[in-house]
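First up is the structure itself, then whatever we jot down about it.
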Amino acid sequence: MTVNNQIYSQFKVGIQHELSHNDNQLPDHYDIAFTMDSVDSRGEYSNQLVVSSSTTSLKTIYSNDDLILTIDTNKIKLRDFFSDYDGLNAYNSFLFDTTNLSFSEILIILRKLFSLNKKCNVGFVYTQPLKYEQKYSRPNETHSFSLSNTINQVDIIPGFNTISASIENSLLIAFIGFEASRLARTLNPDEGDTYELFSPVFCVPPFLTGWENHSLMAHGQLFEDYEPDEVYFSSAFGFISSYQKITDIKKLLGNRKLIVAPYGTKPSSVGVAIAAAQHSDINIVYDFPERSQGRSSGVGVTSYLQLSLN
């Protein structure tokens with residue numbers, strides 16, 4: 001499949017592979033891998049997998065507080081990264097450890113890779129756990145899990161939001177998971193307007209059979225207070241499904257502005273990042289959660305996908 005791009009490169013989507021925890025290398029080798037410290041056993045496995053499948057691995061962290069992207073030991077202001085940074089120009093293949101990286105690092109670096117305007121391969125790795133530790137958001141809550149130490153104020157990432165203070169004539173598309181507080185804070189912020197129109201996207205099939213009920217029930221009261229315009233569904237573990245969902249919705253909006261909140265599964269967030277990296281009129285809001293140590297246990301199936309940028 002070839003995807004037309006209105007700003008940067010075209011890309012071709014390869015076949016998504018599913019690997020077991022006995023695999024210690026990917027089918028392809030990469031020049032550079034972007035990774036981050038792990039918080040659980042599946043994160044450790046994912047990190048080892050991308051390190052063994054790349055020539056150089058770089059610990060990568062973005063801070064939205066000071067707008068600094070740290071790659072290895074280099075601290076780069078975000079505006080300088082987009083305009084002047086040439087540290088990636090000499091390489092032709094790049095791998096993302098999406099198990100450990102947050103959405104913001106994936107989004108920012110993808111925009112840079114698309115803007116290189118050259119042929120290169122971009123890979124994504126995501127490892128599922130065997131079990132999420134069920135720490136509920138409140139003692140009497142049995143559906144909304146607490147998977148993050150801290151969920152910060154909903155904010156924008158500079159370069160990925162073209163909307164002024166007013167969000168009139170916009171549609172919020174929110175990919176949702178098990179932490180209902182994330183969507184609640186987006187729909188009802190401490191400051192600013194509320195959204196006139198929003199649509200949730202459920203990521204299915206769930207991690208475990210029946211867990212779609214956790215996501216639905218966790219958000220039930222919220223949907224009564226803020227009635228969705230429409231409800232959508234997308235693949236929980238297909239990297240490209242959310243990309244296709246967003247671009248399909250975008251075509252139907254006309255002059256209405258599209259805002260996306262990537263609060264669902266990490267593979268769905270990768271698809272959101274690909275879409276927003278490629279299209280400047282897709283606006284992103286994000287809450288920069290801090291992952292909880294030991295939030296899951298065990299090492300499950302690993303998904304791997306390669307894109308070829310033309």
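The structure displayed is predicted, hence computed values, not measured ones.
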Go through the steps for Phe103 and Tyr286 under the test ring-ring contact (aromatic ring centres under 6.0 Å, His included), then give the verdict. CA-CA 9 Å; Phe103 169 79; Tyr286 194 56; 5.1 Å; yes

Practice task
For the pair Arg111 (side chain) and Ala276 (backbone), establish whether a donor and an acceptor sit closer than 3.5 Å, ignoring hydrogens and angles.
Solution key: yes

Item checked: Hydrophobic cluster membership, Phe160 vs Ile76, 4.5 Å side-chain cutoff -> yes

- request: Kindly work out whether a path of hydrophobic side-chain contacts (I/L/V/M/F/W/Y, heavy atoms less than 4.5 Å apart) joins Leu183 to Phe233.
  value: yes

message = Tell me whether Lys257 contacts the main-chain N or O of Ile167 through its side chain, where contact means a donor paired with an acceptor under 3.5 Å.
response = no

Walk me through it: do Asp86 and Asn89 pass the test side-chain hydrogen bond (donor to acceptor under 3.5 Å, both in side chains)? CA-CA 5 Å; Asp86 60 2; Asn89 294 16; 5.3 Å; no

Residues passing the side-chain hydrogen bond (donor to acceptor under 3.5 Å, both in side chains) test with Thr265, sequence neighbours excluded, are Ser268

Check your understanding: Can you get from Phe175 to Ile156 by hopping between Ile, Leu, Val, Met, Phe, Trp and Tyr side chains that sit under 4.5 Å apart?
Key -> no

Notebook entry, point to check: Stepwise, does the side-chain hydrogen bond (donor to acceptor under 3.5 Å, both in side chains) test hold for Ser41 with Glu44?
Noted result: CA-CA 5 Å; Ser41 54; Glu44 293 174 2; over 6 Å; no

- [ ] Using distance alone, with no hydrogens and no angle criterion, decide if Asn47 and Thr35 have a side-chain donor and acceptor under 3.5 Å apart.
- [x] yes

Are Asn283 and Thr162 close enough that a side-chain donor and a side-chain acceptor fall under 3.5 Å? yes

In this structure, are over 12 heavy atoms from other groups packed under 6.0 Å from His21 atom NE2? no

Test side-chain contact (heavy atoms from CB on, under 4.5 Å), reference Phe124, set Leu307, Val50, Leu95, output is Leu307

* **ILVMFWY network linking Phe34 to Val125, side-chain heavy atoms under 4.5 angstrom** => no

Would you call the rings of Phe237 and Tyr126 parallel, tilted or perpendicular if under 30° counts as parallel and over 60° as perpendicular?
parallel

| said: Determine whether a donor-acceptor pair (N or O, by modelled atom type, separation under 3.5 Å) exists between the side chain of Thr70 and the backbone of Lys75. | reply: no

side-chain hydrogen bond (donor to acceptor under 3.5 Å, both in side chains) filter on Lys59, not counting sequence neighbours, yields Asp37

Return yes when atom CD of Glu168 has more than 12 non-hydrogen atoms of other residues, nucleotides or ligands closer than 6.0 Å, and no otherwise. no

Check your understanding: Under the side chain to side chain contact (heavy atoms under 4.5 Å, CB included) criterion, do Ile246 and Val260 qualify, and how do the steps go?
Key -> CA-CA 8 Å; Ile246 290 171; Val260 184; 4.1 Å; yes

Are side-chain heavy atoms of Phe94 and Leu309 found at a separation under 4.5 Å? no

Residues Ile157 and Ser104: closest non-hydrogen pair is CD1-CB, 3.8 Å

**Asked** Between Ile282 and Val272, is a side chain to side chain contact (heavy atoms under 4.5 Å, CB included) present by the stated rule, with each step listed?
**Response** CA-CA 9 Å; Ile282 295 176; Val272 173; 5.9 Å; no

- request: Spell out, yes or no, whether Tyr45 and Tyr304 are grouped together once hydrophobic residues are joined by side-chain heavy atoms under 4.5 Å, including indirect joins.
  value: yes

**Prompt:** Is Tyr232 atom OH crowded by more than 12 heavy atoms from other residues, nucleotides or ligands, each under 6.0 Å away?
**Reply:** yes

*asked:* Once you measure the plane-to-plane angle for His279 and Tyr243, does it fall in the parallel (<30°), tilted (30-60°) or perpendicular (>60°) bin?
replied: tilted

Is it true that a side-chain atom of Gln16 and a backbone atom of Phe239 form a donor plus acceptor pair closer than 3.5 Å? yes

(message) For a 4.5 angstrom cut-off between non-hydrogen side-chain atoms, does Val122 reach Gln306?
(response) no

Decide side chain to side chain contact (heavy atoms under 4.5 Å, CB included) for Phe96 and Val270; before the verdict, give the C-alpha distance in whole Å, the side-chain angles of both, and the deciding distance to 0.1 Å.
CA-CA 10 Å; Phe96 289 84; Val270 169; over 6 Å; no

Note to self: Ignoring hydrogens and geometry beyond distance, is a side-chain donor-acceptor pair present between Ser235 and Ser241 at under 3.5 Å?
What the structure shows: no

